[in-house]
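This report refers to the structure that appears directly beneath it.
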Protein chains: 2
Amino acid sequence: MNASQTTIQLDRIFGALADSTRRAILDRAYRGEVTVNELVAGFDLSQPTISKHLKVLERAGLISRGREAQFRPVRIEAPALAGADRWLGAYRRLWEDRLGRLDRVVEDLKQQGDA
Amino acid sequence: MNASQTTIQLDRIFGALADSTRRAILDRAYRGEVTVNELVAGFDLSQPTISKHLKVLERAGLISRGREAQFRPVRIEAPALAGADRWLGAYRRLWEDRLGRLDRVVEDLKQQGDA
DNA sequence: TGGCTATATGCTCATATGGCGATATGTGGC
DNA sequence: GCCACATATCGCCATATGAGCATATAGCCA
């Protein structure tokens, strides 16, 4: 199951997403390219701290950095997010489709039967 | 964006998913209820270590524990996974639909134009 | 060149995490 | 009540993470 992304990549992707500041940075990058200082202005964290978060996101492949003069604009990267989405997608039938709901009913009945 | 899950819950969910052992435990629980010792047998990790992983998963709401005699069977929980999926879903247009692909083309052109 | 601005890196600190072995707790069966 | 088995918790270690301040690097512009 989920052979398309390496284990370590998924570790990094989910690890990067496990922090609200980094998720907020992604939200911001989703709306368009953004510079480090713009992020610093928006987050009430020091510039080095933001840079460190960006490094985590970059290492996970969730963002890439451009180079425009002395700016290093942050751009969101779809493939890593798509990888996480693909991993989660394998479980989607648990809550999404008719078959999944039916499974849950069966599970619940089994639970109650055992109790 | 993504108001349905609290920040801390998402921190825990993604944090729990950021470990390959825990993802493998979920894979296993997805195929049906499983006991701690069954997991220990399958993972080449000590029983306390597995229990600790289970605690992380439980705290994130990704599993729940039953009680059948002296067993505490592990059951996968859809809502937390669905929460993570919903969060990721907000970005899905980046890689999935026609509009997303068009956006990417525009972005790329803009990039090249700026370079 | 020199100075200004944007960003990165080094250091330190406090806390979190993953692993282990040893041991405690809980539950069913004799 | 006691034993055996399943699971949880404790204490410990090594390493990782997030934060800050101070400082270094890098690119523009005068």
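Naming convention: chains lettered A, B, ... in sequence-line order (proteins, then strands); numbering from 1 in each chain.
- With distances taken from any side-chain atom of B:Phe71 to the nucleotides C:dT9, D:dT9, D:dT7, the minimum falls on D:dT7.
- Distance from the side chain of A:Leu45 is smallest for D:dA19 among the nucleotides C:dG18, D:dA8, D:dA19.
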List the steps, then state whether side-chain contact (heavy atoms from CB on, under 4.5 Å) holds for A:Glu68 with A:Thr35. CA-CA 10 Å; A:Glu68 288 173 26; A:Thr35 68; over 6 Å; no
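- Between A:Phe14 and A:Trp87, the ring planes are perpendicular. Angles over 60° get that label, and only those under 30° would be called parallel.
- Comparing B:Thr49 and A:Arg72 against DNA chain C, the residue whose closest nucleotide sits nearer the 5' end is A:Arg72.
- Remark: A:Arg67 is not in phosphate contact with C:dA6, judged by side-chain N or O atoms under 4.0 Å from OP1 or OP2.
- Distances from the side chain of B:Arg65 to the nucleotides D:dT7, C:dG19, D:dA22 place D:dT7 closest.
- Picking from C:dG18, D:dT9, C:dA8 the nucleotide with the shortest atom distance to the side chain of B:His53 gives C:dG18.
- Distances shorter than 4.0 Å separate none of the side-chain N or O atoms of A:Ser51 from OP1 or OP2 on C:dT7.
- The base of D:dA8 sits within donor-acceptor range of the side chain of B:Gln47, with an N or O pair under 3.5 Å.
- Between the side chain of A:Lys52 and the base of D:dA19, at least one donor-acceptor pair of N or O atoms lies under 3.5 Å.
- The number of heavy-atom neighbours closer than 6.0 Å to CZ of A:Arg65, taken from other residues, nucleotides and ligands shown, is above 12.
- Among the nucleotides D:dA6, C:dG19, C:dA8, the one closest to any side-chain atom of B:Gln70 is D:dA6.
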As a quick check of understanding, evaluate salt bridge (Lys or Arg N to Asp or Glu O under 4.0 Å) for A:Arg92 and A:Asp85, giving each step before the final call. CA-CA 10 Å; A:Arg92 206 160 285 144; A:Asp85 189 56; 3.1 Å; yes
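- Among the nucleotides C:dA8, D:dT7, D:dG18, the one closest to any side-chain atom of B:Thr35 is D:dT7.
- For A:Ala69, whose side chain is taken as the heavy atoms from C-beta onward, the closest listed nucleotide among D:dT7, D:dG27, C:dT7 is D:dG27.
- Closest contact between the side chain of B:Asn37 and the listed nucleotides C:dT7, D:dA8, D:dA6 involves D:dA6.
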